[in-house]
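Quick caveat, the model's predicted, so the values are computed rather than measured. Along the sequence shown, the residues carry numbers beginning at 1.
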Amino acid sequence: DKWYQLRVGEEKNQVLIQERDFKTGEVTLRIVDADKAPLNYSLWQISYDKKDGATGGKFTFKNKETGLAMMSGVGSLLT
C-alpha cells in the first residue's frame, strides 16, 4: 500500500492534512506548508472505483492519521 501527500497551491509547497480535535472529536481538513505538516496527517491512500455507467468513477482518499475517507467524482476533480 502506498501513501501520498496531496500537494496544493501555486508553488505546490503546501499539502492537504486531516486533523482530529481529540477533545471534541471534530475532524478538519486544512492546507498547511509542507515543511510544517505532521507526516501522518498529510498522508493519503488513493483508490479508484470503476465507472458505473452513470459517472466517470470515484476516487477515495483515506487519511493515514484519522483512517477516515473522503470521495470525489472524476468531474469534480477536473474543475
Could you grab the distance from atom [atom1] of [X] to atom [atom2] of [Y], nearest 0.5 Å is fine?
X     : Y     : atom1 : atom2 : answer
Lys58 : Tyr48 : NZ    : OH    : 9.5 Å
Ile17 : Lys36 : CD1   : NZ    : 12.5 Å
Ser47 : Met71 : OG    : CE    : 7.5 Å
Asn13 : Arg7  : CG    : CZ    : 8.0 Å
Gln45 : Lys2  : CD    : NZ    : 11.5 Å

Problem set entry | Verdict with reasoning, Gln5 to Leu39, per side-chain contact (heavy atoms from CB on, under 4.5 Å) | CA-CA 9 Å; Gln5 285 187 318; Leu39 186 58; 4.2 Å; yes
Problem set entry | Donor-acceptor contact below 3.5 Å, side chain Asp33 vs main chain Asp35 |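 Here the side-chain-to-backbone pair does not exist.
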Are [Y] and [X] connected in a single hydrophobic cluster, I mean Ile/Leu/Val/Met/Phe/Trp/Tyr linked by side-chain heavy atoms less than 4.5 Å apart?
X     : Y     : value
Leu6  : Trp3  : no
Ile31 : Phe61 : yes
Tyr4  : Phe59 : yes
Leu29 : Leu68 : no
Met70 : Val15 : no

Over all heavy atoms of both residues, which pair between [X] and [Y] is shortest? Give the atoms and the distance, please.
X     : Y     : answer
Glu65 : Asn63 : N-OD1, 3.0 Å
Tyr41 : Trp44 : O-NE1, 4.3 Å
Thr60 : Asp49 : OG1-OD2, 4.0 Å
Val27 : Arg20 : CG2-NH1, 3.9 Å

Exercise. Mind checking what makes salt bridge (Lys or Arg N to Asp or Glu O under 4.0 Å) contact with Glu19, not counting sequence neighbours?
Worked result: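 For Glu19 the salt bridge (Lys or Arg N to Asp or Glu O under 4.0 Å) partners, ignoring immediate neighbours, are Arg30.
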